[in-house]
Amino acid sequence: FAQLAVFAVPMAAAAIMPLVLTAFGTISLTSAYATWLAYFLMGAACIAIGTFVSALTENQIIAYLATFGALLICYLMNGIKSLFTSGNTLAFIVFCVVLAVVALLVGLACKNVTVGSAVFCGGAVVLVLLFKLRPAWLLTGFNSVLGALALFQPFTDFVGGMFSVTGIVYYLSVAGLFLFLTGQALAGIKEGGPTMNFKKKNAANAPAPNQAQQAARRRSLRSGAYASVLAVVVLVLVILLNLVVGAVPTKFTQFDISTGKMFTLSDTTKTMLQELNTDVTAYYLAETGNEDSNITRILDRYAGESSHFTWQQRDPALYPTFAQQYDAQNASSSSVILVCGDNHTVVDYNDMYTADYSSYYTTGSYTMSFSAENALSSGIAKVTRENSYVLYQLTGHGEASLESDFTETLDNSGITVQDLNLLTTDTVPEDAAALLINDPQADLSTLDAAAIKTYLENGGHLFVTTD
């Protein structure tokens with residue numbers, strides 16, 4: 001706790017800065033202090049990791065280098081994840097390496113090479129069975145492990161405007177886990193040190209151990225086995241705690257603290273999601289490690305509002321043909337495919353961001369706004385809609401065409417706009433929900449008027465606009 005107290009001194013000074021900045025402009029104190037809290041907890045977790053590494057060695061240089069290396073790997077983990085896209089074989093290899101390290105630590109704790117070897121052999125059998133029978137489980141577990149090692153990722157959620165309870169629980173559990181492991185390591189050193197003697201001895205010349213030595217070895221074995229089992233139990237409890245918190249709907253664990261409330265869903269979207277009676281799955285097309293955090297956060301918000309909405313990530317490197325089955329092979333990276341039964345639509349990445357070029361010619365810059373809610377909600381309405389309609393707009397008389405933005409809005413509402421020229425067909429199609437005559441510049445012919453009159457007499461609908 002002395003290290004944490006030293007770290008708290010500059011953090012206390014930094015806590016004053018948001019108040020000072022309010023004198024010079026507008027600042028969100030909620031967002032500032034939530035980020036401050038996340039940074040403090042992240043620092044506490046890093047200190048706990050460094051304390052544990054220091055407990056494993058008496059050499060301060062080794063402890064420093066090992067801690068720096070471990071934290072650097074955690075910092076770069078998102079980028080490292082993007083490199084591991086070759087599938088189940090690589091996951092199997094990495095898990096074998098991790099198993100070897102765990103077996104070595106268990107052997108050191110028990111001071112018995114046989115116990116360490118038994119742990120490695122037992123774990124290897126389990127890994128081989130998973131690799132042969134359930135390779136997808138192995139890959140899923142591999143990605144989950146890499147995600148858990150991304151120590152700095154929860155902090156970026158706070159910086160991005162999202163107060164995450166799961167992030168706080170994650171940092172507290174990491175700090176508590178490594179403090180516990182530090183206590184176990186110090187207890188092992190007190191009993192004689194976690195060392196294993198791999199040096200071969202001549203059995204003929206080695207003196208037979210006396211009863212006191214044999215009793216000490218048995219106590220050491222029992223103590224090491226107990227410490228190893230206890231460490232595994234605590235690790236499992238920490239994992240379960242984070243899984244349980246992560247399974248809670250995001251509307252209870254994540255709160256929008258961004259300035260523009262860009263992750264807060266409108267009442268209309270919430271009502272639509274709560275009234276869903278069919279399952280909608282969103283597939284997020286992005287490479288592992290290169291996800292757009294804004295999109296994943298908004299997808300979490302959607303999933304938190306309805307049990308009928310779920311989303312999954314599909315890495316194009318791992319699933320190269322996945323997008324083709326939904327005609328989305330040309331979709332931009334970080335696009336979303338919405339699927340409901342046999343219906344599907346693509347929400348392109350470029351549709352979730354809106355560029356404002358109004359000041360580009362005066363300032364040379366433009367602004368981007370996050371408008372994913374509008375695009376995603378329109379896509380969900382499209383794939384879950386049971387009925388669709390066709391609006392025919394009359395042509396051939398100088399009518400004005402509808403703007404593309406308007407037709408896109410109609411399309412998102414389930415209304416398809418098609419052109420109709422009565423010179424090529426003498427009747428209004430039967431599937432016409434309505435007919436639009438938009439500001440004609442010439443009179444309709446007698447035949448055209450007769451066709452429209454017949455359509456109206458049969459119960460049709462007509463919209464006429466004039467300038």
* Min side-chain heavy-atom separation Leu447-Leu422 under 4.5 Å -> no

* **Trace of the side chain to side chain donor-acceptor pair (under 3.5 Å) decision for Gln274 with Thr271** => CA-CA 5 Å; Gln274 292 166 3; Thr271 302; 5.2 Å; no

* To do: Verify whether one side chain among Tyr326 and Thr345 offers a donor that lies under 3.5 Å from an acceptor in the other.
  => no

* Asked: Which atoms form the tightest heavy-atom contact between Ala286 and Ser333, and what is the distance?
  -> CA-OG, 4.5 Å

* Rounded distance (nearest 0.5 Å) linking atom CG of Asp327 with atom CD of Gln329 -> 6.0 Å

* **Residue among Leu436, Asn421, Ile437, Val428 satisfying side-chain contact (heavy atoms from CB on, under 4.5 Å) with Leu394** => Ile437

* Look at atom CD of Glu430 and say whether more than 12 heavy atoms of other residues, nucleotides or ligands are closer to it than 6.0 Å. => no

* Asked: Do Thr51 and Thr182 have side-chain atoms, one donor and one acceptor, less than 3.5 Å apart?
  -> no

* Asked: Is it true that the side chains of Glu399 and Gln441 contain a donor and an acceptor less than 3.5 Å apart?
  -> no

* So, Tyr171 side chain and Leu151 main chain: donor-acceptor pair closer than 3.5 Å or not? -> yes

* Starting from the C-alpha separation in whole Å, work towards a yes-or-no answer on side-chain contact (heavy atoms from CB on, under 4.5 Å) for Val280 and His308. => CA-CA 6 Å; Val280 177; His308 288 288; over 6 Å; no

* **Worked verdict on Tyr75 versus Cys46 for side-chain contact (heavy atoms from CB on, under 4.5 Å)** => CA-CA 11 Å; Tyr75 178 76; Cys46 293; over 6 Å; no

* To do: To the nearest 0.5 Å, tell me how far Gln313 CD sits from Glu287 CD.
  => 10.0 Å

* To do: Would you please say whether a donor-acceptor pair under 3.5 Å links the side chains of Ser369 and Ser371?
  => no

* Asked: Atom SG of Cys340 and atom CZ of Arg385: how far apart are they, to the nearest 0.5 Å?
  -> 11.5 Å

* Asked: In Å and rounded to the nearest 0.5 Å, what is the CD to SG distance from Gln153 to Cys74?
  -> 12.5 Å

* Asked: Is the Lys NZ or Arg CZ of Arg314 less than 6.0 Å from the centre of Tyr283's six-membered ring, within 45° of the axis?
  -> no

* Asked: Going by distance alone, is a donor N or O of one side chain under 3.5 Å from an acceptor N or O of the other, for Tyr392 and Asp431?
  -> yes

* To do: Find out whether Val383 and Val339 are in side-chain contact, i.e. whether some heavy atom of one side chain is under 4.5 Å from a heavy atom of the other.
  => no

* Atom of Pro154, atom of Tyr170 and distance for their closest heavy-atom approach -> CG-CD2, 3.6 Å

* **Intermediate values then yes/no, side chain to side chain donor-acceptor pair (under 3.5 Å), Ser401 and Gln393** => CA-CA 8 Å; Ser401 298; Gln393 58 176 349; 5.0 Å; no

* In sequence, state the C-alpha distance, the side-chain angles, and the governing distance for Thr296 and Ser293, and then conclude on side chain to side chain donor-acceptor pair (under 3.5 Å). => CA-CA 5 Å; Thr296 58; Ser293 57; 5.6 Å; no

* If you measure from CG on Asp157 to CZ on Arg297, what distance do you get to the nearest 0.5 Å? -> 4.5 Å

* Asked: Are the side chain of Trp36 and the backbone of Pro18 linked by a donor-acceptor contact shorter than 3.5 Å?
  -> no

* Asked: Can you find a heavy atom in the side chain of Tyr284 that is under 4.5 Å from one in the side chain of Ile295?
  -> yes

* With sequence neighbours left out, what residues match Asp292 under salt bridge (Lys or Arg N to Asp or Glu O under 4.0 Å)? -> none

* Asked: Any side-chain heavy atom of Thr310 sitting closer than 4.5 Å to one from Tyr302?
  -> no

* Asked: CG of Asn458: more than 12 outside heavy atoms within 6.0 angstrom?
  -> yes

* Flag side-chain contact, heavy atom, 4.5 Å: Ile380 against Phe309 -> yes

* To do: Give the C-alpha distance, both sets of side-chain angles, the deciding distance and a yes or no for side chain to side chain donor-acceptor pair (under 3.5 Å) between Thr166 and Ser164.
  => CA-CA 5 Å; Thr166 55; Ser164 175; 2.6 Å; yes

* **Sidechain-backbone polar pair: Ser332 side chain, Ser335 backbone, donor-acceptor under 3.5 Å** => no

* Going by heavy atoms in the side chains, are Leu273 and Leu265 under 4.5 Å from each other? -> yes

* Look at the rings of Tyr64 and Phe68 and say which category their plane angle falls in: under 30° parallel, 30 to 60° tilted, over 60° perpendicular. => parallel

* Closest heavy-atom contact between Ala451 and Thr427? -> CB-CA, 4.4 Å

* **Met42 CE to Phe155 CZ distance, which is reported to the nearest 0.5 Å** => 5.0 Å

* To do: Only one of Thr465, Thr395, Thr466 passes side-chain hydrogen bond (donor to acceptor under 3.5 Å, both in side chains) with Asn438; say which it is.
  => Thr465

* Hey, which of Thr30, Ile168, Thr35, Asp256 is the one that makes side-chain contact (heavy atoms from CB on, under 4.5 Å) with Phe163? -> Ile168

* Asked: side-chain contact (heavy atoms from CB on, under 4.5 Å) between Val336 and Leu338: does it pass, once the steps are laid out?
  -> CA-CA 6 Å; Val336 176; Leu338 295 172; 4.1 Å; yes

* Walk me through it: do Phe40 and Phe7 pass the test ring-ring contact (aromatic ring centres under 6.0 Å, His included)? => CA-CA 8 Å; Phe40 179 78; Phe7 177 64; 5.8 Å; yes

What pairs of donor and acceptor atoms, side-chain ones from residues 238-255 against any protein atom, are under 3.5 angstrom apart with sequence neighbours left out?
unit_1 : atom_1 : unit_2 : atom_2 : d
Asn242 : ND2    : Ser173 : OG     : 3.2
Asn242 : ND2    : Val238 : O      : 2.8
Thr250 : OG1    : Asp300 : O      : 2.6

* **Minimum side-chain heavy-atom gap Phe322-Leu285 below 4.5 Å** => yes

* Asked: Glu457 and Thr454: side-chain donor and acceptor closer than 3.5 Å?
  -> no

* Asked: Is the closest side-chain heavy-atom distance between Phe263 and Asn294 below 4.5 Å?
  -> yes

* Asked: Between the side chains of Glu291 and Ser334, is a donor N or O closer than 3.5 angstrom to an acceptor N or O?
  -> no

* To do: Evaluate side-chain contact (heavy atoms from CB on, under 4.5 Å) for Leu444 paired with His397, printing each intermediate quantity in order.
  => CA-CA 7 Å; Leu444 275 64; His397 310 89; 4.0 Å; yes

